[in-house]
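Take a look at the structure below.
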Amino acid sequence: MLSFRNIWDIYRRASYSKYNTLSGSELVPSVSLLVPAYNEELTITENVRCLMTLNYPTYEVIVINDGSSDRTLDVLIKEYELTLLPNPEVRGRLETKPVRGVYYNPQYPHLYVIDKENGGKADSLNAGINLSRYPLISSIDADSLLEKDALIRMARMYMENPEETVAIGGDVRIANGCVIENGAVKNVSLPRKMWPMFQSIEYMKAFLGGRIGWSQINGLIIVSGAFGMFRKDYVIAVGGYRGGYPGEDMNIIIKLHRYMLENKIRYRVAFCPEAVCWTQAPDTYNILSNQRKRWGRGNLKNMIENRDMVFNPKYKVMGLLTMPYNVIFEALNPYFRITGLLALLGYVMLDMTNWHVLLVFGLVNFLSGYLLSIGALLLEEIAFRRYTKLSDLVKMLLFSALKFVGYHQLGVLWRVQGHIQYLQNNNSWGTMTRQSWKDKKEAA
């Protein structure tokens, strides 16, 4: 409801905003783009090429090679003819794994590459913050591509209220199936494989149907690690990114909420759906299940470590609405589903119900979820219309229904398995096999 309430403002802002006039303005704040990279040799060149050609006046790109075991660093050194900087200026003091060197080429004055020992994504982001020069930082995944105007759209939102804006999230969309040329999405199309297609629907519902609404009440609990913008001074004030476990993107937002509320500082965590980032989605069962187990571990750990915020009026919307919602509908959701199913089976076995009740129950369950997915599709069609073909719309409607037959149930299983891994102190990242953007183009 909150998303629909705000969608017309978003549509007008996306359609008529003179954001392009800002691309050459000296008033636009400078940004440091931080790109953690671990074993990204297949995608890193296209990613950096994309970032080096954004419509933005002043920014720098800092790629952090997090002890990759493949040729990520060699590919960058060869592509941009980088050499080792003798005395790089390190400005921040966040603790990180040892940095082995910083690479640079004066012909590309806005590009830096940090080579460090493996410490995880959070540790890489902290290393990038230490080297960064500018007051705003933006975290971007190495397998993601920004639309050329994504950063300037996000900066425009920041400039509306720079004193209070501490973080802004961008819209993340699935690039599988799109045609990629020279680091940019040239032709938007839905994925052809089943797993990425389910994720496209899932992302649309989460970002358009969810985060637009949460941002309206300043209750946003996560800014996707794939693309977000932050005020560097506040990120440093809360101690930077928390390493050692997945879920660093949720953790940094919770820490910002906590810090601002405890210090009684007016603030907002915003969401900019017009700023679009395209990312590769897992296209096999094993890779997708590993990702979702990792998300489950991160969510549970964040909820447990910040349990003092739940139902605590001191933390306002976060304490009274956002945190309880995440505990009940995210962390505990699989157990409600499992016990509900077991109870339903028990009713049937004890002959306490009949097929009419089961039919009504199933229809209510399906329709309530399907309407939420349809709502997200309506938001997409009203304001953005990235997918212009009728066949794409039909396909999205079909997969919005099909995901209730199997995919939802797998999501419950993966989340429970993630919780078990958390209890086993399993903090592994899991395997994420990349495919080059060239291969994506040929496959599309």
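Throughout, numbering of the chain's residues begins at 1 and tracks the sequence. All values below were derived from every heavy atom in this structure, side-chain atoms included, with hydrogens, water molecules and symmetry-related copies excluded. Being a predicted model, the structure only gives us computed values, none of them experimental.
When only modelled atom types and interatomic distance are considered, D66 and N118 share a side-chain donor-acceptor pair under 3.5 Å. Looking at N306 and R258, their side chains do bring a donor and an acceptor atom within 3.5 Å of each other. Side-chain N/O atoms of T284 and K193 include no donor and acceptor closer than 3.5 Å. A donor and an acceptor atom, one from each side chain of E46 and T43, are nowhere located under 3.5 Å apart. In this model, a donor atom of one side chain and an acceptor atom of the other lie less than 3.5 Å apart for K148 and T53.
Between K121 and E248 a salt bridge is recorded (basic side-chain N to carboxylate O distance below 4.0 Å).
Put simply, the side chain of D171 does not reach to within 4.5 Å of the side chain of E274, judged on heavy atoms. Annotation: side chain of V327 is in contact with side chain of L332 (closest heavy-atom distance under 4.5 Å). For the pair R242/K255, a side-chain contact is recorded, criterion being any heavy-atom separation below 4.5 Å from C-beta on. Within the 4.5 Å cutoff, the side chain of M204 has heavy atoms near those of the L377 side chain. Within the 4.5 Å cutoff, no side-chain heavy atoms of V113 are placed close to those of V102. For the pair V412/Y335, no side-chain contact is recorded, criterion being any heavy-atom separation below 4.5 Å from C-beta on. Using a 4.5 Å heavy-atom threshold, the side chains of I129 and I236 count as touching. Contact of the S215 side chain with the V269 side chain is not registered, since no non-hydrogen atoms from C-beta on lie closer than 4.5 Å.
For S138 against V31, the heavy-atom pair with the smallest separation is CB-CG1, 3.9 Å. Taking all atoms of both residues into account, the shortest heavy-atom contact from F329 to N333 is O-CB, 3.1 Å.
Between R294 atom CZ and Q421 atom CD the span is 10.5 Å, to the nearest 0.5 Å. Annotation: the span from Y285 atom OH to L288 atom CG amounts to 8.5 Å, rounded to 0.5 Å. Here the CG-CD1 distance, from L34 to I137, works out to 5.5 Å after rounding to the nearest 0.5 Å. How far CG of L410 is from CH2 of W414: 4.5 Å, rounded to the nearest 0.5 Å. With rounding to the nearest 0.5 Å, the separation of CD1 in I62 from CG in L51 is 12.0 Å. Of the inter-residue distances, the one linking M260 atom CE with N218 atom CG reads 9.5 Å to the nearest 0.5 angstrom.
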Under 3.5 Å, which donor-acceptor pairs do the side chains of residues 183-190 form with other protein atoms, sequence neighbours left out?
none

Ignoring hydrogens and angles, write down the donor-acceptor pairs under 3.5 Å from the side chains of residues 219-228, residues two or more places apart or on other chains.
{"unit_1": "S224", "atom_1": "OG", "unit_2": "A226", "atom_2": "N", "d": "3.2"}

W214 vs F207, test: ring-ring contact (aromatic ring centres under 6.0 Å, His included). Steps then yes/no.
CA-CA 10 Å; W214 282 112; F207 283 88; over 10 Å; no
Run K232 and S132 through side chain to side chain donor-acceptor pair (under 3.5 Å) and show every step you take.
CA-CA 9 Å; K232 185 170 72 173; S132 63; 3.2 Å; yes
side-chain contact (heavy atoms from CB on, under 4.5 Å) between N176 and W195: does it pass, once the steps are laid out?
CA-CA 10 Å; N176 305 53; W195 298 116; over 6 Å; no
I254 vs M303, test: side-chain contact (heavy atoms from CB on, under 4.5 Å). Steps then yes/no.
CA-CA 10 Å; I254 293 176; M303 293 302 103; 4.1 Å; yes
side-chain contact (heavy atoms from CB on, under 4.5 Å) evaluation trace for I252 with F230:
CA-CA 10 Å; I252 190 66; F230 303 83; 4.2 Å; yes
Test side chain to side chain donor-acceptor pair (under 3.5 Å) on T96 and K116 and set out the steps.
CA-CA 9 Å; T96 69; K116 60 180 287 292; over 6 Å; no
Start with the C-alpha gap between S373 and K403, add the side-chain angles, then the distance that decides, and say whether side-chain contact (heavy atoms from CB on, under 4.5 Å) holds.
CA-CA 10 Å; S373 296; K403 71 177 184 176; 3.0 Å; yes
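For S68, the side chain to side chain contact (heavy atoms under 4.5 Å, CB included) partners are Y38, N39, N65, D70, T72, not counting sequence neighbours. In this structure K97 satisfies the salt bridge (Lys or Arg N to Asp or Glu O under 4.0 Å) test with no other residue, sequence neighbours excluded. Partners of Y108 according to the ring-ring contact (aromatic ring centres under 6.0 Å, His included) rule, which considers only residues two or more places apart in sequence or in another chain, are Y80. Every salt bridge (Lys or Arg N to Asp or Glu O under 4.0 Å) that R133 has, sequence neighbours left out, goes to E60. Take D115 and apply the salt bridge (Lys or Arg N to Asp or Glu O under 4.0 Å) test, not counting sequence neighbours, and it matches R100. With sequence neighbours excluded, the residues forming a ring-ring contact (aromatic ring centres under 6.0 Å, His included) with Y407 are F198, listed by chain and number. Taking E160 as the reference, R156 meet the salt bridge (Lys or Arg N to Asp or Glu O under 4.0 Å) condition, with sequence neighbours excluded.
Panel note: side chain D392, backbone Y387; no donor-acceptor pair is recorded below 3.5 Å. Checked by atom type and distance alone, the side chain of K395 never pairs as donor or acceptor with a backbone atom of L390 at under 3.5 Å. Of the possible donor and acceptor atoms, none in the side chain of S144 sits under 3.5 Å from a partner among the backbone N and O of C277. Not one N or O on the side chain of R337 forms a donor-acceptor pair closer than 3.5 Å with the backbone of H408. With hydrogens and angles ignored, the 3.5 Å screen pairs a side-chain donor or acceptor of N126 with a backbone N or O of Y241. The closest donor-acceptor contact from the side chain of N302 to the backbone of G247 lies under 3.5 Å. Side chain of Y158 to main chain of P29: no donor-acceptor pair is present (N/O by atom type, distance under 3.5 Å, no hydrogens or angles). Counting only distance, with no hydrogens or angles, the side chain of Y59 and the backbone of L54 share a donor-acceptor pair below 3.5 Å. Between the side chain of Y104 and the backbone N or O of P88, no donor-acceptor pair lies under 3.5 Å. Checked by atom type and distance alone, the side chain of N326 pairs as donor or acceptor with a backbone atom of T322 at under 3.5 Å.
Applying the salt bridge (charged side-chain N to carboxylate O under 4.0 Å, His left out) test to every pair with at least one member in residues 404-421, sequence neighbours left out, gives these pairs: E330-R415. Applying the salt bridge (charged side-chain N to carboxylate O under 4.0 Å, His left out) test to residues at least two apart or on different chains, the pairs with a partner in residues 202-220 are E202-R292. For residues 377-389, the pairs satisfying salt bridge (charged side-chain N to carboxylate O under 4.0 Å, His left out) are E147-R386, R173-E380, E381-R385, with sequence neighbours left out.
Checking each of L76, V61, N105 against L111 for a side-chain contact (heavy atoms from CB on, under 4.5 Å) leaves exactly one that passes, namely V61.
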